[in-house]
Number of protein chains: 2
Amino acid sequence: MHNPIPARIAALRTAMKEHGVAAVLVPSADPHLSEYLPAHWSAREWLSGFTGSAGTLIVGHHQAGLWTDSRYFAQAEQQLAGSGIELMKLRVPHKPEYIEWLQQHLAEGDTLAVAGDSMAVSACKDMQSRLTSIGVTVRTDLDLPGTIWPERPALPSMPVFAHDPAFAVTGRADKLKRVRAAMRRLGASHHLLSSLDDIAWLTNLRGSDVECNPVFLAHLLLLPGDRATLFVQRGKLDDALVAALAADGIGIADYDATGSSLAELGKDDSLLLDGRRVVSSIAAAIPPEVARIDAANPSTALKAIKTPAELDHIRDVMRRDGAALVRGFRRLEQRLAAGMTVTELDVDRLLHEERSAQPGWIGESFATIAGYQANGALPHYRATPESHSTLHSKGLLLVDSGGQYLGGTTDITRVLALGETTSEQRRDATLVLKGMIALSRARFPKGASGPQIDALARAPLWAAGMDYGHGTGHGVGYFLNVHEGPHGIRPPAAGGALVALEPGMISSIEPGLYKPGRHGIRHENLALVIEAEQSEFGEFLGFETLTLCPFDRRALEPGLLDPQERAWLDDYHANVRAALSPLLEDADLEWLNRHCAPL
Amino acid sequence: MHNPIPARIAALRTAMKEHGVAAVLVPSADPHLSEYLPAHWSAREWLSGFTGSAGTLIVGHHQAGLWTDSRYFAQAEQQLAGSGIELMKLRVPHKPEYIEWLQQHLAEGDTLAVAGDSMAVSACKDMQSRLTSIGVTVRTDLDLPGTIWPERPALPSMPVFAHDPAFAVTGRADKLKRVRAAMRRLGASHHLLSSLDDIAWLTNLRGSDVECNPVFLAHLLLLPGDRATLFVQRGKLDDALVAALAADGIGIADYDATGSSLAELGKDDSLLLDGRRVVSSIAAAIPPEVARIDAANPSTALKAIKTPAELDHIRDVMRRDGAALVRGFRRLEQRLAAGMTVTELDVDRLLHEERSAQPGWIGESFATIAGYQANGALPHYRATPESHSTLHSKGLLLVDSGGQYLGGTTDITRVLALGETTSEQRRDATLVLKGMIALSRARFPKGASGPQIDALARAPLWAAGMDYGHGTGHGVGYFLNVHEGPHGIRPPAAGGALVALEPGMISSIEPGLYKPGRHGIRHENLALVIEAEQSEFGEFLGFETLTLCPFDRRALEPGLLDPQERAWLDDYHANVRAALSPLLEDADLEWLNRHCAPL
């Protein structure tokens with residue numbers, strides 16, 4: 001197949017020469033700093049051919065490199081082959097280690113160009129201070145990849161819709177009131193939000209502009225006097241929705257008018273803006289006399305704490321999602337047993353069929369990962385019509401999938417034994433499960449952060465000289481993004497924020513293990529942070545597992561579990577059985593009972 | 001007893017009025033930012049009456065507060081009673097939370113005074129930026145406590161001596177060469193060190209200026225051309241030592257001449273200086289045209305990695321120290337059994353007698369903590385002739401002690417059952433031991449930091465709704481300070497540095513549990529970071545326990561240990577027995593064998 005990448009890089013270099021630019025930085029980002037980007041802003045993917053969700057491209061005149069983290073090393077190596085772009089392995093995920101490279105490879109007087117709508121205010125400031133100190137000029141007003149991209153996709157223009165109030169539960173006015181109270185505490189008269197999930201949560205609106213993320217492109221400016229302006233492409237909202245928003249003080253303006261509205265602020269205004277969640281080109285429009293308050297969006301902390309009413313819906317969704325998985329997994333096994341040809345793509349199709357039959361179903365919450373044997377060792381593997389494996393009645397199938405429902409967002413990973421497994425596979429799957437159980441059972445003092453407890457999930461693997469290169473857990477939205485902050489369970493990072501886990505937060509618990517060329521393991525549940533105990537030492541928190549689907553014991557080595565671990569697994573399976581059996585019948589129910597029997 | 005504190009505070013307030021100062025900040029610090037201060041610089045203790053090692057005093061005209069961390073809450077509460085000074089409980093140890101208080105209590109136009117020789121450059125800069133932004137002036141040229149302190153102790157003037165080369169092992173010239181190589185990498189022509197342990201390590205000199213810390217007051221300036229100047233009080237070094245230093249290019253200058261020497265630097269000089277380890281008043285002497293390189297002292301990282309030759313000495317010291325403890329503990333028990341009166345002070349005396357009989361012994365590495373029953377719940381308790389408990393044949397005695405030897409520094413805590421114990425005491429002691437064992441047995445990937453693995457020692461306590469308010473482990477010097485960086489095992493702190501654990505580093509492992517009014521538990525060993533395993537996932541590290549002394553099983557509930565934990569303890573005791581039995585005889589040997597038998 002012809003590789004189009006070298007020609008694109010060459011075109012970029014020609015444009016660089018014309019503009020006197022020594023290097024171009026192409027982050028993986030859009031003006032909302034979303035994790036998953038509309039195609040319109042996927043310049044990094046278009047220029048490099050690397051499709052992973054995290055990666056930064058730098059093109060110089062004689063060298064080009066792509067920085068990504070260990071989740072993507074194997075995939076990037078494949079996709080960059082023949083492109084002339086070197087894979088640069090990040091030691092610490094998401095850390096801008098490329099700045100050191102720029103410091104070494106750029107000389108005094110050189111110019112670096114980066115599109116100002118692809119970089120956060122804070123990251124831009126940090127990079128500028130580190131490069132201007134060595135005499136390098138950083139230009140954010142030049143989007144060179146944009147100038148050489150003839151077939152650049154248009155902006156998405158899917159309709160915006162209201163989150164059904166029966167599921168949204170908390171009204172828009174209530175949410176706005178809480179955010180305005182936080183603004184008052186911070187002394188802010190105005191507040192700009194660019195992060196799409198914050199805007200969707202705060203307005204109780206949803207959209208389909210980003211694959212699997214029910215958000216829509218917009219900026220939101222909260223104004224004094226209980227007014228606000230939603231900057232969104234005309235035509236995405238129908239008249240009824242516009243009227244409903246107006247009733248809550250929210251006016252509509254053009255998506256492109258965000259900057260000009262900000263330019264109207266004056267010296268008596270104080271603007272709350274999270275420099276990590278707003279891009280440089282938007283902030284550039286703010287007059288210098290406006291007082292800036294750089295703090296996290298209050299909505300980010302508020303939406304992370306799920307309300308009891310939301311949790312009722314989420315528990316219902318977990319039952320339906322779990323029952324759909326049971327049906328899907330059973331049909332998969334049945335087909336294999338019947339000698340039918342089943343591929344990794346069929347797994348996605350089967351789960352889609354079962355999930356989409358559920359009430360309140362909207363779509364997948366991310367692209368299903370169904371990785372058979374060695375493919376499971378690619379943590380973010382995605383089978384495609386061009387490249388996928390056929391399943392056989394042996395070995396392990398890793399299935400990481402999730403759904404968007406009006407009443408919540410799911411994300412679950414199970415490892416299925418399709419037949420004979422090796423003792424190494426079972427041992428690996430059991431060690432990963434020990435880590436999951438250790439964290440699921442853990443108690444920890446109120447105030448502890450995810451990074452403080454991350455090691456509990458890794459210790460059983462470390463003891464065997466093994467580890468995984470991704471985080472242990474991420475927050476999950478409520479019919480919103482499957483990855484949301486502010487909390488997360490991952491190793492502490494130098495200088496990194498430490499957000500305390502709080503009752504009502506949801507986190508995934510998903511340790512893994514990847515042996516390239518052989519197999520991959522990941523077990524993933526969603527868990528709710530709950531109050532566990534009040535003692536003379538203070539308040540202690542723990543987790544309640546929300547996800548309801550059995551683990552495949554044929555992939556495990558039960559002898560490696562200690563009595564407490566076996567008890568945890570038996571308890572979990574008893575809960576799953578009690579929750580799902582009312583939703584299942586006949587062969588599905590039999591399958592559930594068999595998989596949920598005590599070890 | 002008459003409390004002298006209110007009169008001292010009143011005198012300070014009078015001086016504050018004279019100088020138009022709204023508040024005085026009195027950190028617990030000297031011009032070397034040492035943890036333990038010569039009495040000359042203990043203004044905070046003199047002004048507040050609080051004797052803990054960590055605390056910050058602020059005196060305003062109508063309010064005064066002392067900030068300290070949870071280790072010292074109970075002690076500070078006692079010592080501040082009747083002083084008019086309010087105890088301010090730090091949420092995060094060592095974090096300058098008092099700045100928020102200053103921001104709230106000082107008004108625009110107010111002046112805050114702090115002695116410039118009591119605050120690090122970096123801390124001063126941070127505080128200044130946070131206070132000047134609200135219109136408060138910070139003066140570092142006014143040492144108001146110093147002006148009202150008639151009986152202020154003189155500077156210590158103990159002689160400086162060479163660390164016996166047979167024990168120092170690595171020559172001064174070699175160490176200087178490695179630091180100079182690091183300076184070249186950083187582009188520094190000069191390097192100023194103020195931290196006393198760095199200076200002692202680098203020069204292979206020792207002193208006795210600080211209680212229990214074999215250091216001497218000095219600053220060291222490394223100059224181009226393999227020369228250096230040691231700023232030290234005249235008369236502390238004899239002629240032979242001066243000549244030996246001269247042979248290695250180190251000249252001597254007055255201790256007070258540090259600033260004037262720095263003032264001679266010019267625009268072609270580049271000075272490496274750790275802004276966290278040099279005080280503001282010293283740095284103020286540096287001409288603005290000198291290029292400053294703010295980075296950690298290279299010696300700090302170098303001295304943390306013990307050499308194989310140092311480790312040979314340390315292992316020998318551990319045997320002698322352990323044998324001394326066995327003898328001391330046995331004599332303690334014997335006296336109690338004989339019906340003699342034994343107090344907490346006698347514990348210190350007994351251990352001192354045994355340790356001081358060892359070859360190469362220099363002194364205690366810190367003031368012995370012997371806390372009986374409820375006194376054990378004060379983590380930094382110190383029995384005094386005025387206030388101490390008499391031991392009885394029941395309950396728990398916590399003994400935390402250590403020695404300075406020419407061949408190493410020790411630090412060990414054991415909990416002795418003096419007779420009948422409660423099941424709560426045994427359960428608590430066993431849960432703490434489970435945490436110690438978990439961390440001692442842990443493996444972790446190369447690159448992991450102490451904060452990344454801290455939770456492993458806490459998880460067994462957390463599971464029971466308990467925790468401890470101090471770190472889990474600190475680095476230890478080689479015949480140097482018993483607390484040394486750069487590494488440490490403690491919960492991750494927001495923005496905190498994460499120093500990777502490296503083979504050759506020593507850390508204490510010392511989980512604890514404190515129930516005020518009842519009892520305290522702490523088990524403490526020193527452990528060496530070692531290479532444990534090389535796998536396809538990279539290099540994994542672990543710990544080798546260095547400390548050699550049995551745990552008192554009468555204080556434990558063996559039934560709460562799982563088989564792996566019992567095996568660890570039995571293995572440990574077998575090692576202790578093998579190592580110490582050649583050094584013990586008769587009743588001591590019998591005591592050792594009894595305490596080291598398998599559970």
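Residue numbers start from 1 in every chain, and the chains themselves are labelled A, B, ... in the order their sequence lines are given, proteins ahead of strands.
- Proximity to chain B (any heavy atom under 4.5 Å) is restricted, for A:Ala464, to the backbone atoms N, CA, C and O.
- Of the atoms belonging to B:Gln452, heavy atoms from both backbone and side chain fall under 4.5 Å from chain A.
- With a 6.0 Å radius and a threshold of 12 heavy atoms from other residues, nucleotides or ligands, A:Lys446 has its NZ atom above the threshold.
- Of the two parts of A:Tyr468, neither the backbone nor the side chain holds a non-hydrogen atom closer than 4.5 Å to a non-hydrogen atom of chain B.
- Interatomic distance, B:Asp562 CG to A:Gln564 CD, rounded to the nearest 0.5 Å: 8.0 Å.
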- Let me see the working for B:Leu513 and A:Phe537 under side chain to side chain contact (heavy atoms under 4.5 Å, CB included), right down to the final yes or no. CA-CA 10 Å; B:Leu513 183 62; A:Phe537 294 89; 3.5 Å; yes

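- In this structure, B:Lys95 places its NZ atom where only 12 or fewer heavy-atom neighbours from other residues, nucleotides or ligands lie under 6.0 Å away.
- Using a 4.5 Å cut-off between heavy atoms, A:Ala463 touches chain B through its backbone atoms (N, CA, C, O) alone.
- Few gaps surround CD on A:Glu289; more than 12 heavy atoms of other groups in view lie less than 6.0 Å from it.
- The most heavy-atom pairs under 4.5 Å with chain A, out of B:Pro451, B:Gly538, B:Pro445, B:Pro516, come from B:Pro445.
- Between chain B and the options A:Arg441, A:Arg518, A:Arg91, heavy-atom pairs under 4.5 Å are most frequent for A:Arg518.
- Contact of B:Leu461 with chain A is not made at all, since no heavy-atom distance falls under 4.5 Å.
- Residue A:Ala493 touches chain B through its backbone alone, counting heavy-atom pairs closer than 4.5 Å.
- Interface remark: B:Ala442 contributes no atoms to any contact with chain A (heavy atom separation under 4.5 Å).
- For chain B, the option among A:Ala459, A:Ser535, A:Gly465 with the highest count of heavy-atom pairs below 4.5 Å is A:Gly465.
- Put simply, CG on A:Leu456 and CZ on B:Arg458 are 11.5 Å apart, with the number rounded to the nearest 0.5 Å.
- Counting heavy-atom pairs under 4.5 Å between each of B:Ser449, B:Gly542, B:Ala455, B:Pro492 and chain A puts B:Pro492 at the top.
- Crowding of A:Glu536 atom CD: a count of heavy atoms from other residues, nucleotides or ligands under 6.0 Å exceeding 12.
- Here the CZ-CE distance, from B:Phe540 to A:Met466, works out to 8.5 Å after rounding to the nearest 0.5 Å.
- If you take CZ on B:Arg443 and CH2 on A:Trp462, they are separated by 13.5 Å, rounding to the nearest 0.5 Å.
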